[in-house]
Number of protein chains: 2
Amino acid sequence: MTKSQSASGGVALWRQIADAIRLDIVGGKLANGDRLPTEALLAERFSANRHTVRRALAVLAEEGVVAAEQGRGTFVKSIRRLTYPIGKRTRFREGLKGQAGSLVSVSISDKIENATARVAEALGLKPGTKVVRTESMSVADGVPISRSTTWLPYRRFPDFAARIKEMQSTTMVFQSYEIADYSRASTRISARHADVEETRSLNLAPGAIVLVSEAVDVDPEGEPLSYALTRFPAERMELVV
Amino acid sequence: MTKSQSASGGVALWRQIADAIRLDIVGGKLANGDRLPTEALLAERFSANRHTVRRALAVLAEEGVVAAEQGRGTFVKSIRRLTYPIGKRTRFREGLKGQAGSLVSVSISDKIENATARVAEALGLKPGTKVVRTESMSVADGVPISRSTTWLPYRRFPDFAARIKEMQSTTMVFQSYEIADYSRASTRISARHADVEETRSLNLAPGAIVLVSEAVDVDPEGEPLSYALTRFPAERMELVV
DNA sequence: AGTAGTTGTCTAGTTTATTAGACAAATCGA
DNA sequence: TCGATTTGTCTAATAAACTAGACAACTACT
């Protein structure tokens with residue numbers, strides 16, 4: 001009897017198993033160097049065939065999370081999740097300092113467009129007002145950890161795109177506009193499956209989960225500075241409030 | 001040529017389509033009563049066969065998110081996400097007040113156990129210390145919106161389980177222990193696929209996403225009161241910091 | 001009444017997912 | 001060295017997923 005996918009909601013069993021094992025690893029139940037249960041035991045635990053388990057392990061091996069050694073077993077190779085602290089004073093680079101060796105932010109593209117209803121509301125503008133939109137992503141130790149879309153009022157930051165490319169840090173660009181300090185007004189957090197673009201740019205297995213953060217930063221007078229929509233791979237990042 | 005699942009990471013195409021359309025709805029791109037694109041157009045958009053799109057729509061119809069009318073089209077029926085505000089002073093029932101007609105919390109089970117390393121650290125206890133563990137869930141307007149596991153030090157709250165069953169509100173139980181006020185020390189947010197138990201108790205399509213919140217509440221002196229691990233269906237809830 | 005456009009149903013064929021069993025190859029300890 | 005344990009490879013069979021095409025049933029508009 002085949003385990004039906006309809007009973008599993010259209011998610012292949014091998015993927016469910018891979019997700020479960022990956023969760024045990026990034027969640028800390030299995031530490032670096034630990035030996036996983038044997039394929040036979042995992043098959044029993046998930047009520048699946050050994051071949052199905054092997055397919056899950058093959059995926060994890062390709063991700064570099066585990067490595068199998070014939071005759072010995074399969075071992076954890078891995079990485080823990082990064083923690084991104086969110087609060088009144090939220091700074092991306094500061095928050096991740098010390099958790100990763102290298103942290104590189106790349107500006108992908110930018111354009112000037114008219115604010116949609118949502119963007120306008122977040123920035124306290126009238127819909128249709130000119131805004132700067134920049135697309136960027138961040139890579140920690142060679143692994144992509146975020147993909148952001150940021151909107152700012154064009155009137156105040158006509159040159160934002162050029163400056164962020166040069167300075168790489170939002171904090172520094174704001175300083176170049178004479179904004180010495182800024183703070184987080186609100187952060188909205190949700191989760192969903194990664195779309196095609198995110199799967200590609202974040203180098204995710206399709207069907208992976210992204211944490212979505214919608215953040216509004218304001219200057220000391222309470223004036224909205226930026227509206228950022230950031231997607232984090234849930235398997236690599238967690239947020240702490 | 002069949003679209004391979006391996007190229008799609010083990011997630012069936014019909015499920016990806018269903019997720020994408022549901023996201024358009026809960027995200028507000030499609031409003032209540034709107035007509036969806038025709039099956040032929042959706043098939044083109046997702047590079048899939050019309051039958052595959054129909055399967056996705058069938059799932060959404062069963063969820064009550066859309067309804068098809070022969071000869072006319074398929075229409076949005078839907079629901080928006082509830083928003084749960086998180087901050088220094090976080091109160092579950094207060095936060096959701098006004099967003100739902102009814103809000104019922106149910107205590108499922110409880111037991112006394114020894115604190116694991118994680119629980120002990122969160123509550124500032126030595127591992128192995130006796131703690132009360134309660135399982136509960138909440139239902140808004142008949143729809144499950146959260147599933148929680150809460151740990152508290154047994155020494156201070158020996159009778160917590162019995163009282164929470166009676167009063168249904170954590171705030172009130174704390175008051176019954178002479179704790180007039182309490183506040184949120186930290187909230188850790190992550191996301192993952194729902195496990196089998198959550199799929200069942202939260203009435204989710206298997207493979208659905210849950211937002212996971214790990215929260216520690218403390219009394220005015222800073223003493224940890226409770227450690228709660230709450231799972232929210234990502235398609236029904238979002239968190240605002 | 002007629003026609004275009006839409007959802008509903010049916011048959012059929014190919015690819016992927018899963019199970020099942022058997023045996024080879026490598027490791028480790030008695 | 002032997003034997004138990006574990007991963008690696010192969011063949012085969014069944015169920016689910018996906019595609020393809022045709023036509024029925026219903027709606028809305030002219």
Side-chain angles (χ1 to χ4, degrees), chain A residues 1-21 30 33-62 64-77 205-207, chain B residues 1-21 30 33-62 64-77 193 196 205-207:
Chain A
M1 225 83 62
T2 300
K3 294 283 164 185
S4 73
Q5 278 216 11
S6 54
S8 307
V11 179
L13 186 51
W14 60 263
R15 163 156 274 283
Q16 297 181 50
I17 295 172
D19 289 343
I21 296 175
L30 289 168
D34 280 5
R35 207 189 83 172
L36 270 64
T38 67
E39 295 172 352
L41 281 173
L42 288 171
E44 192 181 352
R45 167 176 159 197
F46 292 108
S47 304
N49 191 274
R50 186 180 148 225
H51 294 292
T52 308
V53 170
R54 279 178 63 73
R55 175 149 192 192
L57 292 174
V59 170
L60 295 175
E62 196 163 358
V65 177
V66 304
E69 295 180 31
Q70 189 168 0
R72 296 192 63 214
T74 305
F75 298 85
V76 176
K77 277 274 147 188
Chain B
M1 230 77 67
T2 299
K3 294 284 167 189
S4 73
Q5 277 214 16
S6 55
S8 307
V11 180
L13 186 51
W14 61 261
R15 163 158 276 281
Q16 295 182 49
I17 296 173
D19 288 344
I21 296 174
L30 289 167
D34 281 3
R35 205 189 84 171
L36 271 64
T38 67
E39 294 173 353
L41 281 173
L42 288 171
E44 192 180 353
R45 168 176 160 197
F46 292 108
S47 305
N49 191 275
R50 188 180 147 227
H51 293 292
T52 308
V53 170
R54 280 179 62 72
R55 176 149 191 194
L57 292 175
V59 170
L60 296 175
E62 196 163 359
V65 176
V66 304
E69 295 181 30
Q70 189 169 359
R72 295 192 63 214
T74 305
F75 298 84
V76 177
K77 275 270 145 185
H193 286 112
V196 180

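All chains are named by letter (A, B, ...) in the order of the sequence lines, taking the proteins before the strands, and each is independently numbered beginning at 1.
Rounded to an integer number of Å, the gap from A:Phe75 CZ to D:dT6 P is 11 Å. Between B:Glu39 atom CD and D:dA24 atom P the separation is 18 Å, expressed in whole Å. Rounding to whole angstrom units, CD of residue B:Gln16 and C1' of D:dC18 are separated by 13 Å. Rounded to a whole Å, the CZ atom of A:Arg15 is 17 Å from the P atom of C:dT16. At whole-Å resolution of the value, CG in B:Leu41 and P in C:dG5 are 12 Å apart. The CZ-C1' distance, from B:Arg35 to C:dT7, rounds to 11 Å in whole Å. Rounding to whole angstrom units, CD of residue A:Glu44 and P of C:dT19 are separated by 14 Å. Here C:dT14 presents its P atom at 16 Å from CG of B:Asn49, a figure rounded to the nearest Å.
Among the nucleotides C:dT19, D:dG8, C:dA17, the one closest to any side-chain atom of A:Ala12 is C:dA17. Closest to the side chain of A:Trp14, from the set C:dA25, C:dT18, D:dC26, is C:dT18.
At distances below 3.5 Å, not a single donor-acceptor pair connects side-chain atoms of B:Arg55 with backbone N or O atoms of B:Leu13.
Taking the side chain as every heavy atom from C-beta outward, B:Ile17 and B:Leu42 never approach each other to under 4.5 Å.
Judged by distance alone, with hydrogens and angles left aside, B:His51 brings a side-chain donor or acceptor within reach of the base of D:dG21, the pair sitting under 3.5 Å. For a distance-only test at 3.5 Å, the side chain of B:Arg50 qualifies as a donor-acceptor partner of the base of C:dG8.
In terms of phosphate contacts, A:Arg72 brings no side-chain nitrogen or oxygen within less than 4.0 Å of OP1 or OP2 of D:dT5. At C:dT19, one or more side-chain N or O atoms of A:Thr52 fall inside 4.0 Å of OP1 or OP2 (strictly under the cut-off). Side-chain N/O atoms of A:Arg54 include one lying less than 4.0 angstrom from OP1 or OP2 on D:dG8. Listed pair B:Arg55 / D:dA16 fails the phosphate criterion, with no side-chain N or O lying under 4.0 Å from OP1 or OP2. For A:Thr74 and D:dT7, the shortest distance from a side-chain N or O to OP1 or OP2 is below 4.0 Å.
Heavy-atom minimum distance, B:Ala68 versus B:Thr74: CB-OG1, 3.8 Å. Taking each heavy atom of A:Glu39 and A:Arg50 in turn, the nearest pair found is OE1-NE, 2.7 Å.
With DNA chain C read from its 5' end, the first of the two nearest nucleotides for A:Glu69 and B:Ala40 is the one closest to B:Ala40. Between B:Gly71 and A:Gly71, the residue anchored nearer the 5' end of DNA chain D, judged by the nucleotide with its closest heavy atom, is A:Gly71.
Within 6.0 Å of atom CD in B:Glu69, more than 12 heavy atoms from other residues, nucleotides or ligands are found, so the atom counts as buried in its surroundings.
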